[in-house]
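Single-structure report; data block below.
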Amino acid sequence: MDTIFFILSKVVQFCIEPLNWVIIFVCLSLLFLGLRKPHLCKRFLVLAVLDLLIVGWLPASEVFLRPLEDSVPKIDIGKLTVDQVGGIIILGGAIEGGKIAVDRGEISIYSSAERVTKAFELIRKYPNLPFIFSGFSGRITPSGISEADAFKQLIQEQGLADRAGHYENQSRNTYENVVFMKPMIAQIEQGKTGKPWLLITSASHMYRSVKIFQKQGVEIIPVLVDYQTANSLHWTAFDLVDGAQNWNKLIHEIIGLFAYWITGKI
């Protein structure tokens, strides 16, 4: 059932993502061109251009993405002491493991690299705290090494292999992150009164993550990174690459929240 849920969520996201509709509009315009219906061809070409303009005009996505990133308040973790924290959780989604890492012998980091850099910062700041990296792959057909194994390699390259690291390498989405980590956290705490764990993930992803952890009874302190929006909108900003990434993050979270709500996961 979880596999069907995972695949369906990926298919739905692909179907409603705005940039993918450009291809559909262009294909339909070519179809009607071949059918010698130029008026319909022109209409779908206009829709394709409008789609590109909406995707590339950054305020169109930022006006929705910013409230999502601000939905979880940012906490000053600099004021926390080691006695107030149980450990550090790093959610996957920023690392390219898979076949590229195997073939090239190097670990690549996505645009959400702050998840990794913040993890290194906190692991160095709290050397005695355990940490868990959670993630296998978000692909429908994964290959090569898992994200967790890739992060383990990065930890070794950073000279942090002596720290109390734990790696969960089965999860494919946020719900599975929490479900597979929960027994690991219980084993690390060994029946002691649990302290909240620092949770590192992207700001746009934090609201859904917090809801899932709360549902599973795991107390966390959010550490938000990877912000994509500022406090104000730049009305003249246009960038297809950044716009496509913003829409991807936004739609991914909307679908995730709806799917998890309807299935009782949050």
Side-chain angles (χ1 to χ4, degrees), residues 65-95 107 109-135 138 147-148 150-152 154-155 158 160 163-169 171 173-182 184-186 188-189 194-231 245-246 249-250 252-253 256-257 260 266:
L65 189 60
R66 187 174 63 180
L68 184 60
E69 291 186 333
D70 291 339
S71 58
V72 177
K74 193 168 186 178
I75 297 173
D76 185 2
I77 60 174
K79 296 180 180 179
L80 297 175
T81 64
V82 68
D83 296 329
Q84 297 175 288
V85 181
I88 304 166
I89 295 171
I90 309 106
L91 296 187
I95 299 175
I107 306 300
I109 302 177
Y110 293 143
S111 59
S112 303
E114 292 92 335
R115 297 192 194 187
V116 176
T117 56
K118 179 60 72 172
F120 292 156
E121 175 191 335
L122 294 182
I123 291 169
R124 288 191 171 95
K125 181 177 180 180
Y126 303 107
N128 297 321
L129 282 182
F131 69 86
I132 302 175
F133 182 95
S134 176
E147 283 193 72
F151 185 79
K152 188 175 184 178
L154 290 175
I155 284 289
Q158 291 292 315
L160 300 171
R163 306 299 164 88
H166 304 266
Y167 303 90
E168 184 283 302
N169 61 1
S171 57
N173 54 36
T174 312
Y175 174 73
E176 291 184 354
N177 284 146
V178 183
V179 168
F180 291 141
M181 270 193 294
K182 191 174 178 180
M184 297 175 66
I185 293 172
I188 292 169
E189 293 176 342
K195 300 175 183 177
W197 285 56
L198 298 173
L199 173 64
I200 304 172
T201 192
S202 301
S204 61
H205 182 235
M206 185 61 80
Y207 179 79
R208 180 159 58 106
S209 301
V210 169
K211 290 297 182 182
I212 299 170
F213 274 92
Q214 288 176 343
K215 183 77 173 183
Q216 293 295 321
V218 180
E219 189 177 358
I220 57 94
I221 299 172
V223 180
L224 299 95
V225 296
D226 186 30
Y227 283 93
Q228 301 299 311
T229 63
N231 290 329
Q245 290 178 348
N246 285 350
K249 290 176 182 289
L250 179 63
H252 180 77
E253 290 307 313
L257 283 167
Y260 285 6
I266 59 174

Tightest non-hydrogen contact, residues A148 and N169, listed as CB-CB, 3.7 Å
In Å and rounded to the nearest 0.5 Å, what is the OG1 to CG distance from T229 to N246?
8.0 Å
Quick one: do V218 and L199 satisfy side chain to side chain contact (heavy atoms under 4.5 Å, CB included)? Show the steps, please.
CA-CA 11 Å; V218 180; L199 173 64; over 6 Å; no
F151 and F131 aromatic ring geometry - parallel, tilted or perpendicular at 30°/60° bounds
perpendicular
Between atom CD1 of I77 and atom CG of L198, what is the distance when rounded to the nearest 0.5 Å?
6.0 Å
In residues 82-92, what donor-acceptor pairs under 3.5 Å come from side-chain atoms, sequence neighbours left out?
from: Q84; atom 1: OE1; to: T81; atom 2: N; distance (Å): 2.8
from: Q84; atom 1: OE1; to: T81; atom 2: OG1; distance (Å): 3.3

Taking the side chain as C-beta and beyond, is there a heavy-atom pair between Y167 and I155 under 4.5 Å?
yes
Working to the nearest 0.5 angstrom, can you tell me the gap between T201 OG1 and I220 CD1?
10.0 Å
Would you say the side chain of I212 lies within less than 4.5 Å of the side chain of N177, judging by non-hydrogen atoms?
no
Non-hydrogen atoms of A150 and I107 that approach each other most closely:
CB-CD1, 3.7 Å
With side chains defined as the heavy atoms from C-beta onward, is the minimum distance between Y260 and T174 less than 4.5 Å?
yes
Would you say that more than 12 heavy atoms from the other residues, nucleotides or ligands in this model lie under 6.0 Å from the OH of Y207, or not?
no
Within the structure provided, determine whether Y126 and L80 are in side-chain contact (heavy-atom separation under 4.5 Å).
yes
Among E168, E147, E176, H166, the one residue meeting side-chain contact (heavy atoms from CB on, under 4.5 Å) with S134:
E168
Rounded distance (nearest 0.5 Å) linking atom CZ of R115 with atom CG of L224
11.0 Å
Drop me the distance from R163's CZ to R124's CZ, to the nearest 0.5 angstrom.
7.5 Å
Side chain to side chain contact (heavy atoms under 4.5 Å, CB included) evaluation trace for M181 with F213
CA-CA 10 Å; M181 270 193 294; F213 274 92; 3.8 Å; yes
Contact list for residues 208-226, test side-chain hydrogen bond (donor to acceptor under 3.5 Å, both in side chains), sequence neighbours left out
S112-D226, S202-D226, H205-S209, R208-H252, R208-E253, D226-Q228, D226-K249
Quick check: do L250 and S204 have side-chain heavy atoms less than 4.5 Å from each other?
no
Taking the basic N atoms (NZ, or NE/NH1/NH2) and the acidic carboxylate oxygens, is any pair closer than 4.0 Å for R66 and E69?
no
CG/N231: more than 12 non-hydrogen atoms of other groups inside 6.0 Å:
no
Sole residue of I132, I221, V223 in side-chain contact (heavy atoms from CB on, under 4.5 Å) with W197:
I132
